[in-house]
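Single-structure report; data block below.
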Amino acid sequence: MDAAATPRRTVLAAPAALLTACGGGGDGPADGDPTDGGSPAGDALARTTDIPVGGGRVFADRQVVVTQPEEGEFRAFSAICTHQRCTVGSVANGVIRCPCHGSTFRVQDASVVTGPATRPLPAREISVSEGTIRLG
């Protein structure tokens, strides 16, 4: 093969790379709202029984935290801390905790309890139907 020829491997890999980059594989953010961490709208997150009253659960892979401030009341927020973009780590005793620098946020509205974060976690949209919590 001369120096100007393109190896067959490159020709075959290029369409696959392009398809992956353009989201043609059906698994990436192109199928859902890119603001929701790539999850398709309506994607089931959990059963309502999985979210403790006064606490919540972090879905790091979806970049969302779901809380239940009071019995039957579910809220969702971004799981990305507003201080330095770490993923929050836990929810207990009425607060969402970021493990990186210790910021805490209220489960009711994600407002800041203790810094260094100064802004609340942004709200995320969820729906609850037949005991299932869905993103979007």
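- Hydrophobic clustering, with ILVMFWY side chains joined whenever heavy atoms are under 4.5 angstrom apart, keeps Val65 apart from Ile133.
- Side-chain contact between Arg134 and Ser129 is absent, with no heavy-atom pair separated by less than 4.5 Å.
- The shortest non-hydrogen separation linking Ser103 to Gly115 is OG-C, 3.5 Å.
- A continuous path of ILVMFWY side-chain contacts below 4.5 Å connects Leu135 to Phe74, so both sit in one hydrophobic cluster.
- At least one donor-acceptor pair under 3.5 Å links the side chain of Arg106 to the backbone N or O of Val112.
- At distances below 3.5 Å, at least one donor-acceptor pair connects side-chain atoms of Ser78 with backbone N or O atoms of Ile80.
- Disulfide check for Cys86/Cys81 fails, with the SG atoms at least 2.5 Å apart.
- In this structure, Thr132 OG1 and Asp50 CG are separated by 9.5 Å, a value rounded to the nearest 0.5 Å.
- Here the closest heavy-atom approach between residue Arg97 and residue Thr104 is recorded as NH1-CG2, 3.5 Å.
- Looking only at side-chain heavy atoms (C-beta outward), Glu70 and Val53 stay at 4.5 Å or farther from each other.
- Between the side chain of Arg57 and the backbone N or O of Leu45 there is no donor-acceptor pair closer than 3.5 Å.
- Nearest heavy-atom pair across Val58 and Val88 is CG1-O, 3.5 Å.
- Annotation for Glu73: atom CD counts as buried by contact number, over 12 foreign heavy atoms lying within 6.0 Å.
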Self-check item: Audit row: Thr82, Phe105, side-chain contact (heavy atoms from CB on, under 4.5 Å) steps and yes/no
Solution: CA-CA 10 Å; Thr82 56; Phe105 305 87; 4.1 Å; yes
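- Nearest heavy-atom pair across Arg62 and Ala44 is NH1-O, 3.5 Å.
- Summarising the geometry of Gly94 relative to Gln108, their closest heavy-atom pair is O-OE1, 4.4 Å, with the distance given to 0.1 Å.
- Of all the heavy atoms in Phe77 and Ala123, the pair that sits closest is CD2-CA, 3.9 Å.
- Judged purely by atom type and a 3.5 angstrom limit, Thr87 has no side-chain atom pairing as donor or acceptor with the backbone of Ala60.
- Note: Cys100 SG to Gln84 CD = 8.0 Å, rounded to the nearest 0.5 Å.
- With Val91 as the fixed residue, the side-chain contact (heavy atoms from CB on, under 4.5 Å) test singles out one of Ile51, Val66, Ile96: Ile96.
- Distance CG/Leu121 to CZ/Arg75: 13.5 Å, rounded to 0.5 Å.
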